[in-house]
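Written out below as structure tokens is the structure these notes cover.
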Amino acid sequence: MDFRFNFFPDEDGSKEPSAHRETEPCSPTREHQDKRLAETKVCIKAAKEHHIPADVSKVLENKVLETASGLYYVNMSVVELTCQDGAHEEDIVSKSVSSHSDLIPGVYEGGLKIWECTYDLMDFLSEAEIQFANKTVLDLGCGAGLLGIVALRGNAEEVHFQDYNSTVIEEITMPNVVANCINAGNKADSEDDGKNIKPPSKRRKKSECLPDKLTKCRFFSGGWSEVCQLLLSSSKPCSKYDLILTSETIYNPDYYGALHDTLAQLLAKNGRVYLASKVHYFGVGGGTYLFEKFLEERKVFRSSTVKEVEEGLKRFILEIAFKDST
Ligand SMILES: C[S@@+](CC[C@H](N)C(=O)[O-])C[C@H]1O[C@@H](n2cnc3c(N)ncnc32)[C@H](O)[C@@H]1O
């Protein structure tokens with residue numbers, strides 16, 4: 001099955017997020033705190049940290065690697081095939097297939113495929129020579145995690161990856177990061193783009209250390225507010241991020257509050273967010289102008305357009321910083 005590039009409203013035709021079909025119950029406290037969410041019966045997805053197994057080769061089991069823009073990534077069709085047997089409780093592959101959609105609000109948020117603004121942001125980071133060395137970076141709504149992998153390649157001090165869906169983190173993000181770290185010496189050649197590459201055949205022994213770059217990575221799944229709380233209360237607390245990279249994450253205006261507050265709580269005082277987005281997301285309603293307006297109204301951040309892409313539906317890269325930052 002190919003993933004579709006469309007956003008469909010939920011089966012009942014409503015634009016509101018659907019009732020969450022996962023197992024985590026809504027806490028009564030949260031229901032009281034947020035009347036609107038309670039009314040629409042949206043549950044928030046609990047946050048979880050995913051650890052890299054000691055035997056790192058397990059992460060690439062049953063995976064077929066491809067390359068794009070000089071990076072390795074797992075073939076999504078193979079992942080779809082191996083995930084249709086109920087391997088994951090979320091069951092997002094079957095749900096996405098049966099609802100004919102790349103997006104099921106509150107259930108599956110689109111991370112199984114690579115969206116085009118990711119490539120816009122990768123181009124921008126390279127053109128603008130954004131420096132990652134010694135910086136802490138968050139790839140927010142990471143999906144395949146290519147932005148975080150670029151930061152890792154640029155010698156970031158630490159890179160964290162967040163996606164709504166645990167299946168995405170386990171089946172796509174972590175394998176991609178591992179594939180690029182294991183193959184760190186041999187940058188995927190752009191001439192290889194689209195070709196299938198064999199995963200490294202040599203199994204690492206359990207006792208073997210993780211490749212150095214992998215020790216700089218942490219992986220999280222769950223809703224933005226929940227992941228934010230987990231990060232801030234973690235027994236292994238992280239410093240705030242110098243850079244937050246995020247692509248195609250502002251399609252749903254219902255999530256703007258959670259996204260805004262997460263950025264506000266996790267960005268370092270003089271940090272920068274680079275956000276890539278289409279001008280408008282038909283069927284869901286969000287887009288660049290609406291998010292900029294939201295930022296203006298909240299009066300916490302300033303934002304400016306640093307790149308526009310004119311081909312097809314217009315796309316933008318925004319640079320966002322605290323109003324009082326240098
Ligand atoms: C359309 S996908 C984009 C994936 C990737 N950044 C790309 O450009 O290919 C949107 C991503 O945002 C994340 N996301 C959207 N809404 C979210 C929410 N309310 N809480 C947490 N993550 C969310 C999902 O994890 C999803 O992977």
Side-chain angles (χ1 to χ4, degrees), residues 3-8 16-18 20 22 24 34 37 40 42-48 50 68-69 71 73-74 76 90 92 96 101-125 137-151 160-173 176 219-231 244-263 265-266 273-278 281-287 291 309 315-317:
F3 274 92
R4 291 149 299 282
F5 284 74
N6 57 330
F7 287 109
F8 284 175
E16 291 297 332
S18 58
H20 198 290
E22 302 307 319
E24 299 93 12
D34 194 332
L37 285 180
T40 53
V42 172
C43 282
I44 303 301
K45 193 151 179 88
K48 179 179 172 188
H50 301 252
S69 304
L71 299 179
Y73 68 96
V74 296
M76 311 271 190
E90 283 185 325
I92 55 173
S96 172
S101 181
D102 281 326
L103 184 75
I104 310 173
V107 176
Y108 165 53
E109 296 290 350
L112 289 170
K113 68 172 211 183
I114 303 172
W115 296 74
E116 61 185 337
C117 290
T118 277
Y119 295 110
D120 293 343
L121 190 42
M122 281 167 65
D123 289 345
F124 168 77
L125 295 171
V137 180
L138 173 64
D139 184 344
L140 190 70
C142 59
L146 300 189
L147 299 171
I149 293 168
V150 167
H160 295 174
F161 297 84
Q162 174 277 334
D163 197 275
Y164 188 81
N165 293 106
S166 54
T167 311
V168 172
I169 290 289
E170 287 170 8
E171 296 289 339
I172 310 270
T173 321
N176 287 346
F219 300 86
F220 301 90
S221 64
W224 283 319
S225 310
E226 287 64 36
V227 170
C228 185
Q229 288 321 308
L230 177 68
L231 281 166
I244 299 181
L245 309 174
T246 189
S247 155
E248 309 242 17
T249 44
I250 57 168
Y251 47 85
N252 192 338
D254 290 335
Y255 302 158
Y256 284 6
L259 177 59
H260 177 280
D261 295 351
T262 298
L263 298 178
Q265 289 187 74
L266 295 184
V273 178
Y274 290 104
L275 179 150
S277 168
K278 299 191 174 84
Y281 290 88
F282 296 98
V284 208
F291 190 66
V309 182
R315 311 192 295 272
F316 294 86
I317 312 284

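Sequence positions, counted from 1, serve as the residue numbers for this chain. Atoms within a ligand are numbered from 1 in the order they appear, just like the ligands themselves.
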Is it the case that the side chains of Ser166 and His50 hold a donor-acceptor pair, with the cut-off being a distance below 3.5 Å and no angle test? no
Within less than 4.0 angstrom of ligand 1, does Ala276 place any heavy atom? no
Can you name the atoms of ligand 1, numbered from 1 with element, that are less than 4.0 Å from a heavy atom of Thr118? 7 (C), 8 (O), 9 (O)
Is the closest heavy-atom distance from Gly223 to ligand 1 below 4.0 Å? yes
Does ligand 1 have any atom sitting under 4.0 Å from a heavy atom of Cys142? yes
Using a 3.5 Å cut-off on N or O atoms only, is Trp224 in polar contact with ligand 1? yes
Side chain, backbone, both or neither: which part of Lys45 has a heavy atom under 4.0 Å from ligand 1? neither
In terms of side-chain heavy atoms, does Tyr251 have a donor or acceptor partner in Glu109 at a distance below 3.5 Å? yes
How does Tyr255 reach ligand 1, by side chain, by backbone, by both or by neither, if only non-hydrogen atoms under 4.0 Å count? side chain
Ligand 1 atoms nearer than 4.0 angstrom to some heavy atom of Gly110 are 2 (S)
What are the atoms of ligand 1, with element, lying closer than 4.0 Å to any heavy atom of Ile114? 9 (O)
Is the closest basic N to carboxylate O distance between Glu248 and Lys278 below 4.0 Å? yes
